[in-house]
Protein chains: 2
Amino acid sequence: MTNQSQLCPKFEKAMSILSKRWTGLVVYQLLRGSQRFCEIEASIGISGRLLSDRLKHLENEGMVKRDVYPETPIRIEYSLTEKGRALEPLMNELEQWSKTWIDEKEAVQR
Amino acid sequence: MTNQSQLCPKFEKAMSILSKRWTGLVVYQLLRGSQRFCEIEASIGISGRLLSDRLKHLENEGMVKRDVYPETPIRIEYSLTEKGRALEPLMNELEQWSKTWIDEKEAVQR
DNA sequence: TTAATTAATTACTTTTCGTAAGTAAGTATA
DNA sequence: TATACTTACTTACGAAAAGTAATTAATTAA
């Protein structure tokens, strides 16, 4: 099959961001408002090692902003940029889809 | 931080499907209509080994249907079920987002 | 008999993930 | 002064997943 790819490079890039594990959940969680490292860590169950990596990645993509408050102990708040917040409609779509098409039994256990 | 996860298990499951590499692109490609193995392989640039794995996975999730036509050479058509097609609005959202927020330079190169 | 085609699968290497422990900075407590 | 505490990371390392390439099975044509 010699078919060339017809995929839009921008779309492909967008999908590559979303299809990296944890990244979508971090964005979803930050849609609730700015949060600190340990809050995100606890809320989605990611390890510190990977959360650190994903936040850096999202910062590089211009989707997340990092604010340092030199209190004691230090407080660092992460929040979405406009680019990040623009994924809200997509997240709502995914919520709707999951409510309609995923049943309790196959959902993630905790 | 002792915070419990507030994530909806259904949403978490949905996100885990989408955040597995290639899965989203396979669904996106099949939204164009039923296709055979080698067509999908060529169009999104996935290896046969992983495409085989992802199609099985999507079949198990009830999102993809596999039809065998015992011609010569054998033809096997993959298509989306209703559950799979229901992701079309989300894919449209991601397309829009990528057009607005990803610029040429950072897009996937080919 | 050899080759061709499609849809996989197997073997092997590289990359990423997950867990746990360690570090740095800045207090607070004994 | 020494020790402990808190947050936000980083490092080390074994396990799992991904990437590449070669191989297989079924069928048929040259």
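Within 4.0 Å (heavy atoms only), R21(A) reaches sugar-phosphate atoms of the nucleic acid but no base atom. Note on T72(A): only backbone sugar-phosphate atoms sit closer than 4.0 angstrom, heavy atoms only; bases stay farther off.
When distances run from any side-chain atom of S47(A) to the nucleotides dT19(C), dA8(C), dT10(D), the shortest one goes to dT19(C). You'll find that the side chain of W22(B) is closest to dG19(D), out of dC17(C), dA7(C), dG19(D).
In this structure the side chain of V64(B) reaches within 4.5 angstrom of the side chain of L80(B), judged on heavy atoms. Residues W97(A) and L90(B) have side chains not in contact (no heavy-atom distance under 4.5 Å, counting atoms from C-beta outward). A heavy-atom distance below 4.5 Å is found between the side chains of F11(B) and L94(A). R21(B) places none of its side-chain heavy atoms less than 4.5 Å from the side chain of L50(B).
The base of dA7(C) has none of its N or O atoms less than 3.5 Å from a complementary donor or acceptor on the side chain of R36(B).
Contact annotation: R54(A) reaches the phosphate of dC17(C) (side-chain N/O to OP1 or OP2, under 4.0 Å). At dA17(D), none of the side-chain N or O atoms of K20(A) fall inside 4.0 Å of OP1 or OP2 (strictly under the cut-off).
Per the geometry, CG belonging to L50(B) stands 17 Å off P belonging to dT14(C), to the nearest Å. The nearest whole Å value for the distance from the CZ atom in R49(B) to the P atom in dT6(C) is 22 Å. Regarding I76(B), its CD1 atom lies at a distance of 11 Å from the C1' atom of dA26(D), rounded to whole Å. Between the CD atom of E41(A) and the C1' atom of dT19(C) there is a distance of 12 Å, given to the nearest Å. F37(B) places its CZ atom 18 Å from the P atom of dT24(D), with the value rounded to the nearest Å. A straight line from CG of L51(A) to P of dT19(C) spans 14 Å, rounded to a whole angstrom. The interatomic distance linking D53(B) (CG) with dT10(C) (C1') rounds to 14 Å, in whole Å. Note: CD (E71(B)) to C1' (dA26(D)) measures 14 Å, nearest angstrom.
In this structure, dA30(D) forms a base pair with dT1(C), meeting either the Watson-Crick or the G-U wobble geometry with both donor-acceptor distances under 3.5 Å.
Using a cutoff of 4.0 Å between basic side-chain nitrogens and carboxylate oxygens, K83(B) and E106(A) are scored as salt-bridged.
Along DNA chain C, the nucleotide nearest to P73(A) and the one nearest to G48(A) differ in position, and the one closer to the 5' end is contacted by G48(A).
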